[in-house]
Amino acid sequence: MRTWTKTRAVVVAVLAASALVAAPATAATGPATDCCGGPSSWTTGDKSALGTAAAGTASPVWFTVANGVTSEVFYPRADVPNMQDMQYVVTDGSSFVDLERDATDHVVSMPDEKALEYTVTNTAKSGKYRITTTYLTDPSRATLVTRTRFQSLDGGSYRLFLLANPSMAGGAANDTASWDGAGLVASGTENLFGSSTTVVSSIQSSLGFSAHDNGYSGAGSDCLTDLRADKTLSNQFDSVSGPGNVVQCGQVPVAADTTFTVALGYGASAAAASGAASGSLSSGFSSLESGYRSGWNSYVGGLKPAPASVSGDTQRRRAYYVAAMALHAAEDKTHPGASVAGLATPWGDVVNGDSLNDGYHRVWGRDLYQQATGLLAAGDTAQPRRMAEFLWNSQWIGSPTAGDGTTYPAGAFPRYSPVSGVAGASGQLLGCCEQLDQDSDAIVLAWLTGLTDSATYAKIKVTAEHIRTTGPATTERWEEQAGRSPSSIAAEIAGLVTAGAIARANGDTTSAASWESTADSWRGSLDSWTVTSTGYWGAHKYYERIEKGTDPNDSGQICFDEGCFYEHDVVDFGFLDLVRLGIRAAADPTIAASVPATAAASDGNAPMQVTLPNGDVYFHRYPHDNYGESTTACTGWPANGPQRFGRLWPVLSGERGEYELANGRSAAVYLKSMADAANDGYFVPEQVWDRSDAACFGLGRPTGSAAPLMWAEGQYLRLAQSIDAGHNLDTPSVVKDRYGN
């Protein structure tokens, strides 16, 4: 997706569930004073479960699950994480202390395939116990609610501790922790998006906590550290002496087979957080579950039925329903239409978590367009309209001066923004690299959703003029290189043509003619700008990934971490957007010649196209891509040395499927490939492993990047519905008709 530049963090402590035992007479109490805890990180981007209430604004909380346990929990917006992880610790008090994440085998299931409710069954590798937890949120409150069943499988007597590792208001470095008599309270204040934000959490159990502890991560007051020392909780601190990286735990009284509920409530104050948690517990899990499922069932029931391309196969059908629900869940509840690119930080376990990081929980205009077209294909017209309105009301830069005093082109869109839009962005967010395809996507989406009123058109006119006078060279869709790329120019042409249609609807034929003429001119020059006849691959004639000048046969180079290479030897599949957007016919000979040349391209490490033993087909982004894990160690990104290589992207299988469909050929294998790439929660990931099994990943299985990647979920919905329709549903008819495709 996009290149990541964050500091690696040494994780001194991860969320551990501490098995609490009865405190000895000499147990330390009062405040923990061994401030301030070690550095923190976030968690892997591969989420096997996520959820939020389907409707309303009363429950602005989102949960995620990774490696069998709770990972980032977002509140009060979809771009503010407040938890690193939360899990159980089990001990017998004498011979072992188990951390749930590491000591168990995980099985993820869905009680209802039409609701984002998940059950995670964690069975001890030792065979001693089983922990089964079901996740949902209270539709009426800002509370994550879990129902857990603890079972002793061997007749042993065990102690169970819930361990929380909060990272309040987006970071872990300045948190406080305390016991209020009913539950564990954590609080943090950060300067978020230009304003001071305080977030408070309260953890309460339906069985209460028979013991509790608040401490600093990695220090002696850390309950996991304490338990591992002598299998006994020697410290039972009620609070911490000052802000730092805190951890909290509470002992849940359990017998051989015990079921209980835990409520993690949030608010702007301790009273609000505690009230949310206690209110959810009072409502009872069964009642909350009924309301939560009903909300999701209602949303899914309002969509088109699952198409025949997926309905007869369990894996493909569940991936379809989950894709639609994940896209709906990605929308912020305070800022309608602001749908984040993902509820994850790719390789977050090596990303510093002391303060807020951008992750994928931001709004990219390009991703928003891809999500919206997927939802439109699935039958949701309301959310895509809100997405278009968000782009034009919250991300569009009307003034050339942004809030941070930096000058930007009027009519441009930011690289990405918080869910609050550019008003909450900084120069770092806006100043990286303008991407004219995102400006163009916003116009196309306005046309697709009927957002063509005169007020919006006044903004579209400024943006279309900006594209006309600035393009076609721009930073391409992978946000790494600037120049003339087929994918960006395709978006720009489609943007100008749809802007022309909107202009005509508003009586502005002069502007329409100008933009359409520019689009025609760029289409006519496209091949001379971006098609090489001296390339290395295939018959030597094909579309380049990007041309920094205007001569695709010159000796211009593109540089990567491993070295510099001729532009005409570096390819990607971006040219397929020329077909998808109706600018070139699927049977165009240059398009046809570029497909096999691109598929065979290799950087000596792996070809662009990889076919798995089961027939699934996946693609790398381009030769020399280094956005992925090391091939020699499970160390996450960024990997060091020559063994970096970008992994396979299931979204590219969907793009290839749309091209095959436009050619009148079957796209079934590409739809199947996307579904097969999904993880245990049926989420389509950003990347899958591209070679033989390693210690951490299996061939064709998700890596630690991001799952779900909302762009991929939108692509999956589009392809599934387009297969049934017999044509690509996201091709703008006004563009297709203009160019006779």
Side-chain angles (χ1 to χ4, degrees), residues 1-2 4 45-52 54 62-66 71-72 74 77-79 81 116 296 299-300 303 319-333 335-346 348 358-378 380 382-384 386-388 390-391 395 415-419 438 441-442 445 477-479 649-655 674-675 677-679 681-688 702-703 705-721 730:
M1 192 169 176
R2 58 268 316 168
W4 202 252
D46 182 19
K47 306 304 181 186
S48 54
L50 66 80
T52 187
W62 294 256
F63 70 83
T64 68
V65 174
S71 53
E72 288 93 336
F74 296 83
R77 305 169 8 159
D79 56 4
L116 280 182
W296 278 111
Y299 174 73
V300 174
L303 302 176
Y320 179 87
Y321 286 136
V322 166
M325 292 187 290
L327 291 175
H328 189 57
E331 182 181 21
D332 188 64
K333 295 175 182 178
H335 303 278
S339 295
V340 296
L343 287 163
T345 296
D358 292 340
Y360 281 1
H361 37 86
R362 294 290 183 270
V363 185
W364 272 263
R366 180 189 308 102
D367 292 59
L368 200 72
Y369 158 80
Q370 300 284 352
Q371 296 172 53
T373 52
L375 287 170
L376 282 171
D380 184 340
Q383 186 173 340
R386 295 194 297 271
M387 291 168 154
F390 171 81
L391 288 173
Q395 273 202 345
R415 179 191 178 204
Y416 59 96
S417 80
V419 298
Q438 296 208 126
D441 288 342
L445 185 59
R477 65 174 178 167
W478 302 124
E479 303 187 326
W649 288 62
V651 71
L652 298 180
S653 300
E655 291 185 3
M674 291 194 76
N679 65 16
Y682 301 100
F683 297 117
V684 180
E686 179 180 24
Q687 299 180 28
V688 295
T703 68
S705 51
L709 177 65
M710 300 305 176
W711 177 349
E713 302 292 13
Q715 174 66 77
Y716 184 73
L717 293 181
R718 280 206 320 256
L719 182 57
Q721 287 287 355
D730 57 322

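These numbers were taken from a predicted model, which means no experiment stands behind them.
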So how far is it from L709 CG to Y360 OH, rounded to the nearest 0.5 Å? 6.5 Å

Taking every non-hydrogen atom, the tightest pair across P418 and R77: CB-NH2, 3.7 Å

Tell me if a side-chain donor or acceptor on W296 pairs with a main-chain N or O of T52 at a distance below 3.5 Å. yes

Heavy atoms, side chains only, cut-off 4.5 Å: are E655 and Q715 in contact? yes

Given side chains that start at C-beta, do those of W62 and E72 come closer than 4.5 Å, heavy atoms only? no

For residues P346 and Q687, determine if any side-chain heavy atom of one lies less than 4.5 Å from a side-chain heavy atom of the other. no

Take Q438 and Y369 through the test side chain to side chain contact (heavy atoms under 4.5 Å, CB included) and record every step on the way to the result. CA-CA 8 Å; Q438 296 208 126; Y369 158 80; over 6 Å; no

Which pair of heavy atoms, one from L375 and one from M387, lies closest together, and at what distance? CD1-CE, 4.0 Å

If only atom types and distance count, is the side chain of E331 paired as donor or acceptor with the main-chain N or O of A338 below 3.5 Å? no

Over all atoms of both residues, closest heavy-atom pair of P650 and V684: CB-CG1, 4.0 Å

Between the CZ atom in R366 and the CG atom in L445, the distance rounded to the nearest 0.5 Å is 14.0 Å

What are the two closest non-hydrogen atoms of L50 and A329, and how far apart are they? CD1-CB, 4.2 Å

Rounded to the nearest 0.5 Å, what's the gap from CG on L327 to CG on D380? Could you check? 9.5 Å

Heavy-atom closest pair, residues W364 and G359: CH2-O, 3.7 Å

How close do D46 and T703 get, counting heavy atoms only, and between which atoms? CB-O, 3.4 Å

When rounded to the nearest 0.5 angstrom, what distance separates CD in Q721 from OH in Y716? 11.0 Å

Taking the side chain from Q395 and the backbone from V363, do they hold a donor-acceptor pair closer than 3.5 Å? yes

Considering only heavy atoms from C-beta outward, does the side chain of L343 approach that of F63 to under 4.5 Å? no

As an exercise, state the distance from CD of Q370 to CZ of R718, rounded to the nearest 0.5 Å. 4.5 Å

Is V340 close to M710 at the side-chain level, that is, under 4.5 Å between some pair of heavy atoms? no

F390 vs D332 side-chain heavy atoms within contact, under 4.5 Å: no

Under a 3.5 Å cutoff, is there a donor and acceptor pairing between the side chains of Y416 and D367? no

Do L376 and D730 make a side-chain contact, defined as non-hydrogen atoms from C-beta onward lying under 4.5 Å apart? no

Is the shortest heavy-atom distance from the side chain of Y321 to the side chain of L303 under 4.5 Å? no

